[in-house]
There are 2 protein chains.
Amino acid sequence: MSESSKPSRTRAQQRLDTQERILGAARQAFAELGYEHTTIRAVAAAAGVNAGLVMHYFGSKEQLFTRAAQIETHELPPGEPAEALLSMLRSRLDDEPAASLALLRSVLTHAGASDDFRDSGRAWLSRVGEAIPHQDADLRAGLVTAIITGVIIDRHLLKLSALADASADDIVELLRPCFESLAGEHTTP
Amino acid sequence: MSESSKPSRTRAQQRLDTQERILGAARQAFAELGYEHTTIRAVAAAAGVNAGLVMHYFGSKEQLFTRAAQIETHELPPGEPAEALLSMLRSRLDDEPAASLALLRSVLTHAGASDDFRDSGRAWLSRVGEAIPHQDADLRAGLVTAIITGVIIDRHLLKLSALADASADDIVELLRPCFESLAGEHTTP
DNA sequence: GTCTATAGAGAGATAGAC
DNA sequence: GTCTATCTCTCTATAGAC
């Protein structure tokens with residue numbers, strides 16, 4: 001029967017809460033500093049716990065990163081592909097999730113991040129490729145993805161003035177012709 | 001016969017030669033590994049010298065990076081802006097200089113690199129902005145630059161299959177409509 | 001469930017010898 | 001002009017106490 005009586009928060013509950021706090025702090029740190037400049041100590045401090053506990057829960061810095069940078073693969077909305085891609089760009093311009101920013105910031109310097117990125121990107125790319133009605137669909141999918149990534153990096157990570165200050169609507173409007181020429185339903189020559 | 005008397009290479013010459021070897025090794029290392037994973041020791045070894053010598057010549061890792069990642073600001077060829085941008089993208093698709101890749105690889109994680117990047121990018125952006133015949137020229141310049149950067153990163157740094165394997169010509173052809181809509185000489189609404 | 005203590009490795013930087 | 005030796009710092013990771 002009862003043990004600690006009032007199970008308003010069981011021990012397992014408490015454990016999950018703490019893990020979530022740590023993951024949140026880790027996501028933010030990885031997004032702002034990148035993999036190498038993020039220290040277990042700093043993550044622990046931000047989560048209000050001790051560094052040893054972080055290791056105890058996640059095993060290594062590498063595993064902590066993989067957990068923190070885990071992103072649900074972006075779904076491509078149904079309908080005309082160019083418009084679908086634009087609407088997903090639109091939402092990412094407004095608020096890109098921290099986990100995704102963490103992955104982006106670290107992808108150029110941390111080998112593990114590149115792998116995570118490739119894995120989560122593969123499904124996305126093939127989905128986009130299938131939606132594009134052209135022979136060279138793969139290259140086109142790679143190009144729109146490169147464009148989206150480039151814009152997101154400049155806006156959220158590098159905060160380059162022109163892109164960081166612009167309204168999401170203006171950006172989308174300016175890029176519409178690009179997306180239509182790459183992913184639109186033209187007749188293939 | 002003579003030994004050190006033959007000034008086929010003076011001491012100052014020798015010094016410059018060695019410095020150049022070090023800079024070359026540094027560029028390659030920074031481009032491949034990023035700022036944080038590049039060690040003075042490894043650069044020295046690759047250049048066939050000792051780590052102490054690198055410090056002696058360049059003072060600090062930070063200064064070594066700044067020297068190694070120094071890039072002549074890309075000149076925008078004269079003529080119609082969209083075509084000018086495409087032709088410069090074209091050349092960067094074939095072989096991007098190591099110094100530029102080093103800067104790109106490090107820009108997301110190293111503060112000093114971001115500054116160097118911003119500085120060398122500012123001149124470029126204003127030049128592109130001036131060439132674009134639109135009111136919102138700055139935003140348009142930021143967008144084409146983001147596109148170029150995204151494509152170069154995916155091709156040369158992440159080596160994502162679709163972009164890494166494609167021919168430069170195919171990429172340029174697919175992106176031409178994008179560049180024309182962003183930087184072309186349309187009548188402004 | 002959480003924290004303390006510390007081992008162990010690697011890096012940048014400095015001073016001076018050859 | 002170039003190298004050896006070393007100092008000092010910081011970080012991950014481990015072992016075990018409360």
Side-chain angles (χ1 to χ4, degrees), chain A residues 3-26 29-30 32-69 106 109-113, chain B residues 3-26 29-30 32-69 106 109-113:
Chain A
E3 48 317 289
S4 50
S5 53
K6 268 293 211 341
S8 64
R9 260 152 111 222
T10 72
R11 245 162 133 88
Q13 254 306 1
Q14 171 82 336
R15 180 189 175 103
L16 288 180
D17 281 2
T18 305
Q19 285 188 341
E20 256 320 308
R21 272 204 339 275
I22 294 173
L23 281 177
F30 284 129
E32 283 173 10
L33 307 171
Y35 182 84
E36 11 278 323
H37 285 158
T38 297
T39 68
I40 300 276
R41 288 159 151 84
V43 169
V49 299
N50 181 270
L53 192 64
V54 176
M55 296 298 295
H56 185 236
Y57 281 156
F58 297 95
S60 72
K61 182 181 177 179
E62 175 67 41
Q63 292 175 319
L64 174 63
F65 177 82
T66 299
R67 291 282 304 275
S106 305
T109 49
H110 180 52
Chain B
E3 54 313 293
S4 49
S5 56
K6 264 289 211 342
S8 63
R9 263 151 109 223
T10 72
R11 241 161 138 89
Q13 253 307 1
Q14 171 82 336
R15 181 190 175 102
L16 287 179
D17 280 2
T18 306
Q19 285 188 342
E20 256 320 309
R21 271 202 342 273
I22 295 173
L23 281 176
F30 283 129
E32 282 173 11
L33 307 170
Y35 182 83
E36 11 279 322
H37 285 158
T38 296
T39 67
I40 300 277
R41 289 162 151 85
V43 169
V49 299
N50 181 270
L53 192 63
V54 176
M55 296 299 295
H56 183 235
Y57 281 157
F58 297 94
S60 72
K61 183 181 177 179
E62 174 67 41
Q63 291 174 316
L64 174 64
F65 176 81
T66 299
R67 290 282 304 275
S106 305
T109 49
H110 179 53

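Chain letters run A, B, ... following the sequence lines, proteins first and then strands; every chain starts at 1.
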Among dG1(D), dC3(D), dC3(C), the one nearest V49(B) by side-chain distance: dC3(D)
Report the distance from atom CG of L53(B) to atom P of dT14(C), rounded to the nearest whole Å. 15 Å
Nearest whole Å is fine: how far is dT2(D) P from F58(B) CZ? 11 Å
Regarding the side chain of I40(B), the nearest nucleotide among dC3(D), dG12(C), dG1(C) is dG12(C)
Measuring from the side chain of K61(B) (C-beta onward, heavy atoms only), which nucleotide among dG12(C), dT2(C), dG1(D) has the closest atom? dG12(C)
Does dT2(C) have OP1 or OP2 sitting under 4.0 Å from an N or O in the side chain of Q14(A)? yes
Below 4.0 angstrom from OP1 or OP2 of dG1(D), is there any side-chain N or O of Q13(B)? no
Check the phosphate of dG12(C) against S60(B), side-chain N and O only, distance under 4.0 Å to OP1 or OP2. Yes or no? no
Counting only side-chain heavy atoms from C-beta out, which of dT4(D), dT4(C), dT2(D) sits nearest to Y57(B)? dT2(D)
Could a donor-acceptor pair under 3.5 angstrom be found where the side chain of R41(B) meets the base of dG10(C)? no
Side-chain H-bond candidate by donor/acceptor type, T109(A) with E36(A), under 3.5 Å: yes
With rounding to the nearest 0.5 angstrom, report the CG to CD1 distance, L53(B) to I40(B). 11.0 Å
For A51(B) and for A12(B), find the nucleotide of DNA chain D with the closest heavy atom, then tell me which residue's nucleotide is more 5'. A12(B)
Which listed nucleotide (dC3(D), dT2(C), dC3(C)) is nearest to the side chain of N50(B)? dC3(D)
Using OP1 and OP2 only, check whether a side-chain N or O of T18(A) sits under 4.0 Å from dT2(C). yes
Figure out the NE2/C1' separation between H56(A) and dT2(C), and round it to whole Å. 9 Å
Round to the nearest Å and state the distance from Q19(B) atom CD to dG1(D) atom P. 10 Å
Among dA13(D), dG1(C), dG1(D), which nucleotide sits nearest the side chain of M55(A)? dA13(D)
Parallel, tilted or perpendicular: which describes the rings of Y35(A) and H110(A), with under 30° parallel and over 60° perpendicular? parallel
In this structure, OG1 of T18(A) is separated from CD of Q13(A) (nearest 0.5 Å) by 10.0 Å
Which nucleotide in dC3(C), dA11(C), dT2(D) has an atom nearest any side-chain atom of T39(B): dA11(C)
Would you confirm whether R21(B), through its side chain, and A47(B), through its main-chain N or O, come within 3.5 Å as a donor-acceptor pair? yes
Check the distance between dG1(C)'s P and R15(A)'s CZ and give it to me in whole angstrom. 6 Å
Over how many whole Å does the gap from E36(B) atom CD to dC11(D) atom C1' extend? 14 Å
